[in-house]
Enquirer: 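Take a look at this one; I'll ask things after.
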Number of protein chains: 2
Amino acid sequence: MPPPRIRNRRATINDVAAAAGLSRGTVSRVVNGERYVSDGAKTAVEDAIARVGYVRNSAARNLVTRESRAIALIIHEPHSLLFEDPNIGSILLGANAVLSKADYQLVSLIIDSDRDSRRVADYLRGGLVDGAVIVSARASDPIASAVRDIGVPSAFVGHPPGTPDLPYVAIDNKGAARTITERLAGTGRQRIGMIASAMDRDSGYDRFTGFRDALGARFDASLVVEYPLYTYAAGIEGMQELLRRCPEIDGIFAASDAVAAGAMTVLQESGRRVPDDVGIVGFDDSSWALRTRPQLSTVKQPADSLGRTAAELVLAQIRGLPSVAQVLDTTVVWRDSA
Amino acid sequence: MPPPRIRNRRATINDVAAAAGLSRGTVSRVVNGERYVSDGAKTAVEDAIARVGYVRNSAARNLVTRESRAIALIIHEPHSLLFEDPNIGSILLGANAVLSKADYQLVSLIIDSDRDSRRVADYLRGGLVDGAVIVSARASDPIASAVRDIGVPSAFVGHPPGTPDLPYVAIDNKGAARTITERLAGTGRQRIGMIASAMDRDSGYDRFTGFRDALGARFDASLVVEYPLYTYAAGIEGMQELLRRCPEIDGIFAASDAVAAGAMTVLQESGRRVPDDVGIVGFDDSSWALRTRPQLSTVKQPADSLGRTAAELVLAQIRGLPSVAQVLDTTVVWRDSA
DNA sequence: ATATTCTCTGTGAACGCTCCCAGAGTAACC
DNA sequence: GGTTACTCTGGGAGCGTTCACAGAGAATAT
């Protein structure tokens, strides 16, 4: 008959109870700050906890309470964008602020492969989180349908087509694109083009349609180029291509500030003056916008609020309250590039 | 006497066993892919799982196995840096790649307040992760000592002073700074200054001392300015200050590429040509370096490998293998800014 | 033919916690 | 002085797993 356990066990609630000369139940009450504990018992337990070095085992607790007090934030971005997209950081911090205040732990899970996708789905299914915020899932993203199937309270940042029934928080990309395009046209530009990006996402597609609608009859499909990602590199290539197609182009709507920054570099290297020869506007009002010379006119996207609101939507569901999709306002920030 | 439970319970392993006409043990064996289960039993169980919609409860599993197969990546960055520092994304993806292959889930926890700090410590203590990678903890960071006290396998990216006994992976900031400063001096510059940042971290401090050592007797403390963060804004301010102090300055070592980009903007707006009038070098070889005109000479920091190696150090500890601190190589990338 | 090994299945005993109920003691009310 | 309420404590039951062991039957070796 071997000794029951050699492993140096971590202290459990029973060890604390023994050390304090009280029962498991009382220790639990102290640990959870419940009522109906005498002062003497409380200090005895706190003493014992310190003495034996007790820390609560979350797995055991979660098992019986059926909750984890953690919310996942799932980031599904193409590799390179994780570095370039400044919105993600803001969304993350916004969500964290809300959840932190509600005493929930935000855990970020990134998906960078199919394998990750499956593992993350398992993580959600296993009950390790009470809810999930999904950032920038694209159309027909497997994680989107997995989330719905699992039935965990969730909210999307952005509105991926094909998941109509799940709560989301988004901005009116189309309306904002229309507004800024109209203002760009209002500066007297005649040949206005667009460097579109990420057309497989609502954000990219809607910015394009807003642009098209704004120009109406003046829309010229040959002045639109399209790239998969919102990157500086896309701006470089896109601008080069547009100049090749139409050297007299005098207005550019770039799908994001990073794209606009790339485009501006090409414009200036080609000897064109911004905004005198060519006007250019971006989208996001990220830190990019302040780094170009001249500074960018752009659409301010409330990334922090997107994160906050998404978190609130998830919390509402957890609490059994109704939670409806929300569209947040954007504003045009008019600087010097157009 | 009310019915035992109204709540629509999720299916458990027992429900599966009943549906399959087999025992709990056999179901468990199938779920975990163990040997010694007949083909008939296997398909019967798989069938039953699909029928009742069973998913394993991770809390119960973690409780008995005493592991979670998850590793935390703790990001403790000042608010604004989460957007600007491109290294973080690479570190994250590098760590994720290694852990994913080993079938561990990476969970990122961000610390943005003292409250977060405590909650994250609780999360680690609670056994919800089997290990932790800590990114960019500063000197005397409470989370650093918490990690040591908790005794969870861990590794630091970077080497915060004051935590000598924990494994870390870092680059030789001092040596790299010395090398690139020497090469900058080798281009014939006479008045070389530095825009230092983040001196409360090993990276910032070591880059400064490397710079000082490289210049030896030619080091001039009045040509060094210091800012708390590695930002574009620090580059702007720092360069303005240096030009005020010494208009004839002709060489700049910026503590990071973002800082260098800010500095270059100021230099060019002041009418100085880079590299003809002033040579400038950065640090990181981030995407910033390719965005400036001329492109930056800089030190290539293997951010992806830092993440990978840190993850490997943690896995080694979990497996009971020795894990020792590592210093990764950097290389100088010589472009056109100096 | 017997002993040995291997395959397959079932079941009790944890894992460490919270929940709930019972019960003892004390205080408050009429 | 008896009912009623409130405070405090202890301990059984159960959360959903895995693990270890026992044992039955089939295959292989002696």
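Worth saying up front: this structure is predicted, and the values here are computed from it rather than measured. Residue numbers start from 1 in every chain, and the chains themselves are labelled A, B, ... in the order their sequence lines are given, proteins ahead of strands.
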Enquirer: Taking CZ from A:Arg125 and P from D:dG16, how many angstroms apart are they, rounded to a whole number?
Expert: 18 Å
Enquirer: Just checking B:Val55: base, sugar-phosphate only, or nothing, at a heavy-atom cut-off of under 4.0 Å?
Expert: sugar-phosphate
Enquirer: What integer distance in Å separates A:Asn57:CG from D:dG16:P?
Expert: 17 Å
Enquirer: Consider the side chain of A:Ile13, meaning its heavy atoms from C-beta on, and name the nucleotide among C:dC17, D:dC15, D:dC19 that approaches it most closely.
Expert: C:dC17
Enquirer: Five pairs at each end of the helix from C:dA1-D:dT30 to C:dC29-D:dG2: take the axis at both ends and give me the angle between them to 10°.
Expert: 40°
Enquirer: OP1 or OP2 of C:dT18 versus the side-chain N and O atoms of A:Asn32: is any pair under 4.0 Å?
Expert: yes
Enquirer: Should we count CG of B:Asp114 as having more than 12 external heavy atoms under 6.0 Å?
Expert: no
Enquirer: Quick one: are B:Tyr123 and A:Val107 in side-chain contact, heavy atoms under 4.5 Å?
Expert: yes
Enquirer: Send over the distance from A:Asn14 CG to C:dA14 P, rounded to a whole Å.
Expert: 13 Å
Enquirer: Roughly how many Å is it from CD in A:Glu34 to P in D:dT9, rounded to a whole number?
Expert: 13 Å
Enquirer: Test of understanding: with salt bridge (charged side-chain N to carboxylate O under 4.0 Å, His left out), list the residues that count as partners of A:Arg308, not counting sequence neighbours.
Expert: A:Asp304
Enquirer: Is any side-chain heavy atom of A:Gln326 closer than 4.5 Å to one of A:Leu328?
Expert: yes
Enquirer: Side chain of A:Tyr54, heavy atoms from C-beta onward: which of D:dT18, C:dC17, C:dG16 has the nearest atom to it?
Expert: C:dC17
Enquirer: With a 3.5 Å distance limit and no angle check, can you tell me whether B:Asp130 reaches the backbone of B:Glu67 through a side-chain donor-acceptor pair?
Expert: no
Enquirer: Would you tell me if any nitrogen or oxygen in the side chain of B:Arg56 comes within less than 4.0 Å of OP1 or OP2 on D:dT18?
Expert: yes
Enquirer: Need one value for B:Asn62: base, sugar-phosphate or nothing, where a base atom within 4.0 Å counts as base even if backbone is also close, heavy atoms only.
Expert: nothing
Enquirer: OG of B:Ser100 to CZ of A:Arg115: how many Å apart, nearest 0.5 Å?
Expert: 5.0 Å
Enquirer: Reading nucleotides 5-10 of chain C from the 5' end, what letters show protein touch, with B for base, S for backbone sugar-phosphate only, - for no heavy atom under 4.0 Å?
Expert: --SBBB
Enquirer: Give a yes-or-no answer on whether the side chains of B:Asn32 and B:Arg56 include a donor-acceptor pair shorter than 3.5 Å.
Expert: yes
Enquirer: Write down the distance between CZ (B:Arg10) and C1' (D:dT17), rounded to a whole number of angstrom.
Expert: 14 Å
Enquirer: Using the side-chain contact (heavy atoms from CB on, under 4.5 Å) definition, which of the options A:Ile134, A:Ile75, A:Asp116 pairs with A:Ile111?
Expert: A:Asp116
Enquirer: Do the charged groups of B:Arg119 and B:Asp122 touch, with an N to O distance under 4.0 Å?
Expert: no
